[in-house]
> 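To start, I am sharing the structure in question, which I have written as structure tokens.
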2 protein chains.
Amino acid sequence: MYLCLMYTSELIKGTLKTIVLELLKKQGRMYGYEITQKVKELTAGKIQITEGALYPTLHALEKNGELETEKEYMGKRVRKYYKLTEQGKNTATERVNEFADFIETMRFLLDLQTKSGHVQG
Amino acid sequence: MYLCLMYTSELIKGTLKTIVLELLKKQGRMYGYEITQKVKELTAGKIQITEGALYPTLHALEKNGELETEKEYMGKRVRKYYKLTEQGKNTATERVNEFADFIETMRFLLDLQTKSGHVQG
DNA sequence: CAAAGATACATAACAATCTTATGTATTTCC
DNA sequence: GGAAATACATAAGATTGTTATGTATCTTTG
């Protein structure tokens with residue numbers, strides 16, 4: 001059995017946008033810090049998005065027209081909520097489909113038959 | 001149905017070492033150019049390893065003690081065959097296991113149930 | 001109530017890893 | 001004999017991440 005260590009950062013590389021887009025698609029709207037916590041929770045700590053990676057990514061997606069923002073004040077503290085634009089919804093779907101296809105290709109290439117840690121059937 | 005386009009390069013990023021190590025584990029020994037062709041063939045052109053990425057990676061793996069080389073001359077042209085060291089074999093297994101675990105985590109995170117493009121059962 | 005930790009944003013220096021471009025040289029095919 | 005394929009290699013530039021740092025507010029706890 002594995003301990004629940006984080007993955008080497010190389011693997012996460014390239015999937016961050018996909019994760020953010022798909023999460024926003026499911027959750028409707030989220031703010032940055034919330035995204036880091038949600039991913040950590042859903043992956044049992046295996047994937048931990050750093051703020052240094054997330055915020056620039058969110059800004060880039062917004063600049064590219066995939067996301068739009070609303071600022072909300074909780075007392076004096078600001079929260080920037082992000083949600084998908086129409087374009088962002090399409091991009092989210094494309095990205096997820098591409099990733100799904102990619103992992104099937106990799107599973108074939110690496111001879112991975114069944115899910116590790118799962119008993120099938 | 002998808003056309004057989006290449007994946008956005010971001011996805012491949014970080015998986016190159018894993019691919020190389022696992023291929024060498026199965027094939028015994030291979031030379032650089034052969035690796036690029038084999039991967040292209042096995043993935044129907046979806047993953048195309050560029051030489052600018054592969055050669056530096058092979059050199060790094062060799063420097064790190066994962067690979068060892070044998071030069072062979074086919075006429076006047078040289079081929080550099082790579083094979084795994086004992087350490088390399090262990091690293092290959094670790095990398096593949098980690099990747100397998102990673103894609104399961106991602107499948108859960110992205111709500112991917114069954115294999116895209118496959119009929120299960 | 002003061003300090004520590006969590007929440008919430010942001011940016012900059014650095015590192016890793018890839019693409020694209022370039023270079024050299026041999027072999028094969030038409 | 002020239003184009004395409006084989007076979008190696010490296011360098012400039014782009015992308016995307018980590019680590020470090022900064023600011024500020026809110027909550028918990030001794």
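Just so it is clear, the values below take in all heavy atoms, side chains as well, and ignore hydrogens, waters and symmetry mates. Sequence lines set the chain letters: A, B, ... in the order given, protein chains first and strands last, and positions in each chain run from 1.
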> Expressed as a whole number of angstroms, how long is the span from A:M30:CE to C:dA8:P?
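In whole Å, C:dA8 P lies 12 Å from A:M30 CE.
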> Looking only at non-hydrogen atoms, find the nearest pair between B:L21 and B:L84 and report the distance.
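In terms of heavy atoms, the two residues are closest at CD2-CD2, 3.6 Å.
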> Can you confirm whether B:K80 is buried at NZ, in the sense that more than 12 heavy atoms of other residues, nucleotides or ligands lie under 6.0 Å from that atom?
yes
> In whole Å, what is the span from the OH atom of B:Y31 to the P atom of D:dA9?
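Taking atom P of D:dA9 as the reference, OH of B:Y31 is at 14 Å.
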> Is a donor-acceptor contact shorter than 3.5 angstrom present between the side chain of B:K13 and the base of D:dT16?
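Donor-acceptor pair under 3.5 Å: no.
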> Round to a whole Å and report the spacing from CD of A:Q48 to C1' of D:dT18.
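After rounding, the gap between these two atoms is 13 Å.
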> How close or far is atom P of D:dG17 from atom CD1 of B:I12, stated in whole angstroms?
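Taking CD1 of B:I12 and P of D:dG17, I get 14 Å after rounding.
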> Does some side-chain heavy atom of B:F102 sit less than 4.5 Å from a side-chain heavy atom of B:T15?
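Side chain of B:T15 against side chain of B:F102, heavy atoms only: no contact under 4.5 Å found.
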> Show which side-chain atoms of residues 27-38 of chain A pair as donor or acceptor with protein atoms under 3.5 Å away, not counting sequence neighbours.
residue : atom : partner : partner atom : Å
A:R29   : NH1  : A:E70   : OE1          : 2.7
A:R29   : NH1  : A:E72   : OE2          : 3.0
A:R29   : NH2  : A:E72   : OE2          : 2.8
A:Y31   : OH   : A:R79   : NH2          : 3.3
A:E34   : OE1  : A:Y31   : N            : 3.1
A:T36   : OG1  : A:Y33   : O            : 2.6

> Just the table, please: protein N/O against nucleotides 26-30 of chain C N/O, every pair under 3.5 Å.
residue : atom : partner : partner atom : Å
C:dT26  : O2   : B:R77   : NH1          : 3.1
C:dT27  : OP1  : B:K76   : N            : 2.8
C:dT27  : O4'  : B:R77   : NH2          : 3.1

> Atom CZ of B:R79 and atom P of D:dC8: how far apart are they, to the nearest Å?
8 Å
> Counting side-chain heavy atoms from CB outward, which of C:dT7, D:dA9, C:dC9 is closest to B:K80?
D:dA9
> Return whichever of B:A53 or A:L16 has its heavy-atom-nearest nucleotide of DNA chain D closer to the 5' end.
B:A53
> Picking from A:K89, A:Q87, A:R95, what satisfies side chain to side chain donor-acceptor pair (under 3.5 Å) with A:E66?
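By the side chain to side chain donor-acceptor pair (under 3.5 Å) criterion, A:E66 pairs with just one of A:K89, A:Q87, A:R95: A:Q87.
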> If I take atom OH in residue B:Y33 and atom P in nucleotide D:dA5, what distance separates them, rounded to the nearest angstrom?
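Nearest whole value for this atom pair: 8 Å.
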> Output the rounded distance in Å from CD (B:E34) to C1' (D:dC8).
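Spelled out: CD on B:E34 to C1' on D:dC8 is 14 Å.
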> Select one nucleotide: of C:dT17, D:dT10, C:dC9, the one nearest the side-chain heavy atoms of B:K17.
C:dT17
> Using a heavy-atom cut-off of 4.0 Å across all strands, would you classify B:G52 as base, sugar-phosphate, or nothing?
base
> Could you work out which one of C:dA8, D:dT18, C:dT7 sits closest to the side chain of A:Q37?
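So the side chain of A:Q37 is nearest to C:dT7.
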> If you check the B:Y55 side chain, which of D:dG17, D:dA9, C:dT11 turns out closest?
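My answer, after comparing the listed nucleotides, is D:dA9.
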> Please tabulate, for side-chain N and O atoms in residues 56-64 of chain B, each donor-acceptor pair with protein atoms closer than 3.5 Å (sequence neighbours left out).
residue : atom : partner : partner atom : Å
B:T57   : OG1  : B:A53   : O            : 2.8
B:H59   : ND1  : B:Y55   : O            : 3.3
B:E62   : OE2  : B:T69   : OG1          : 3.2

> When you measure from the side-chain N and O atoms of A:T57 to the phosphate of D:dT16, is any distance below 4.0 Å, counting only OP1 and OP2?
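No, outside the criterion.
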> For the side chain of B:H59, starting at C-beta, report the closest nucleotide among C:dA8, C:dT19, D:dA9.
D:dA9
> Nearest whole angstrom, please: distance from the C1' of C:dT17 to the CG of B:L11.
14 Å
> Is it true that B:K25 and B:T93 share a donor-acceptor pair across their side chains at a distance under 3.5 Å?
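Yes, a side-chain donor-acceptor pair sits under 3.5 Å.
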